[in-house]
Asks: 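Before anything else, here's the structure in question.
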2 protein chains.
Amino acid sequence: MNIGEVAERSGIPTKTIRYYEDIGFLHPKRNENGYRIFEETELHKLTFIGRARSLGFNIEECRALLALYEDKERGSSDVKKIAQQHVKEIEAKIADLIAMRDTLTHLITACAGDHRPDCPILDNLSNGKREQG
Amino acid sequence: MNIGEVAERSGIPTKTIRYYEDIGFLHPKRNENGYRIFEETELHKLTFIGRARSLGFNIEECRALLALYEDKERGSSDVKKIAQQHVKEIEAKIADLIAMRDTLTHLITACAGDHRPDCPILDNLSNGKREQG
DNA sequence: CTAAGGGTTCCAGCGACTGGAAGGTCAAGA
DNA sequence: TCTTGACCTTCCAGTCGCTGGAACCCTTAG
């Protein structure tokens, strides 16, 4: 399989696949003209990484998951730990974003939004009276 | 005021303040030894930017807000528009993160987390059966 | 013979900083 | 006066996870 087909089948752009090779996720062989040749297992790996990334795991977490995936002796508790830690981080982000949104919607509600210059949003940013938190 | 004091009072690191000067947010004067001299208004600007950033506005949005803030003739509807657009983006991010979290917690629940190698999390990443969405 | 459509490498840029090196300046203390 | 240390300066490189582009090679079809 050439890189284009792998890209198509995995849904990961060729640029990204080459990048993943750079950072050691893959080690595709080359044929005599220098083209990368991918096996099915490599395609699987890529798909695996793609899914993990779409779940918000960062590259290092993907690396860890990949290592666990390839280690037939691993216990599932290791994977569970990574996933749980990741859920914690996601929840922290969600909380941050909700706080932001609530503050902003509150300010927006208070803002007339007409042509007059009074603007609670700017006032808040300027004076720093926290609406929340 | 030297940069250190501004950093202290605004809560923004000196590195970041210099960066903000680079990208045209500030134009502090210099004294004869080359040190930046900040006025109170500059401190206000920095605090303003800091708050906007902490609300998740990106640099360009901050630039727009700053321009509106400094334009005494502006109508508040412009500001409101930016804020509303921003809320939309925040809500999209929240939705994404909630979907991620739900998928993951679902998988975690299904994962025994013991020393046995069966692991629904890895299975899911590998086989790509979407638990959600 | 040429053109299109693969593939290759390498370098640079995104956003928003952050770290570090190498050096200039200033105030206090011995 | 000298030294120490804290502060300031500039500039360059790195972060993360790609992404774009240039310049080039390979293959196939017309």
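Worth knowing before you read on, the calculation uses all heavy atoms, side chains too, and leaves out hydrogens, waters and symmetry mates. Below, chain A is the first sequence line, B the second, and so on; all start at residue 1.
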Asks: Backbone N or O of B/C111 within a donor-acceptor pair of the A/K80 side chain at under 3.5 Å?
Replies: yes
Asks: Note down the inter-axis angle between the two ends of the helix from C/dC1-D/dG30 to C/dA30-D/dT1, five pairs each, to the nearest 10°.
Replies: 40°
Asks: Keeping to residues at least two apart or across chains, list the side-chain hydrogen bond (donor to acceptor under 3.5 Å, both in side chains) pairs with something in residues 2-13 of chain A.
Replies: A/R9-A/E40
Asks: Excluding sequence neighbours, so at least two apart, what forms salt bridge (Lys or Arg N to Asp or Glu O under 4.0 Å) with A/D114?
Replies: A/R116
Asks: Within the distance-only criterion (no hydrogens, no angle test), does the side chain of A/R18 pair as donor or acceptor with the backbone N or O of A/I3 below 3.5 angstrom?
Replies: no
Asks: Which residues satisfy the side chain to side chain contact (heavy atoms under 4.5 Å, CB included) test with B/A7, sequence neighbours excluded?
Replies: B/T14, B/I17
Asks: Using a heavy-atom distance cut-off of less than 4.0 Å, which residues of residues 81-93 of chain A contact DNA chain C?
Replies: none
Asks: For B/R36, which residues count as a side-chain hydrogen bond (donor to acceptor under 3.5 Å, both in side chains) partner, sequence neighbours excluded?
Replies: B/E21
Asks: Classify B/Y20 by what it touches in the nucleic acid, base, sugar-phosphate, or nothing, heavy-atom distance under 4.0 Å.
Replies: sugar-phosphate
Asks: Could you list where the contact with chain B starts and ends along DNA chain C, reading 5' to 3', using a 4.0 Å heavy-atom cut-off?
Replies: C/dA16 to C/dC26
Asks: Return the set of residues passing side chain to side chain contact (heavy atoms under 4.5 Å, CB included) with B/E32 (not counting sequence neighbours), or none when no residue passes.
Replies: none
Asks: How would you list, by chain and number, every residue that makes a side chain to side chain contact (heavy atoms under 4.5 Å, CB included) with A/K45, sequence neighbours excluded?
Replies: A/L26, A/L66, A/E70
Asks: Which residue is it: B/N124, B/L125, B/D123? I am looking for the one with a side chain to side chain contact (heavy atoms under 4.5 Å, CB included) to B/L107.
Replies: B/N124
Asks: Can you list every pair that meets ring-ring contact (aromatic ring centres under 6.0 Å, His included) and has a residue in residues 33-57 of chain B, with sequence neighbours left out?
Replies: B/F48-B/Y69, B/F57-B/H86
Asks: Of the non-hydrogen atoms in A/S126 and B/R51, which two are nearest, and what is the gap between them?
Replies: O-NH1, 3.8 Å
Asks: With sequence neighbours left out, what residues match A/E39 under side-chain hydrogen bond (donor to acceptor under 3.5 Å, both in side chains)?
Replies: none
Asks: Can you give one letter per nucleotide of nucleotides 2-16 of chain D, 5' to 3': B if a protein heavy atom sits under 4.0 Å from the base, S if only from the sugar-phosphate, - if neither?
Replies: -----BSBBB-----
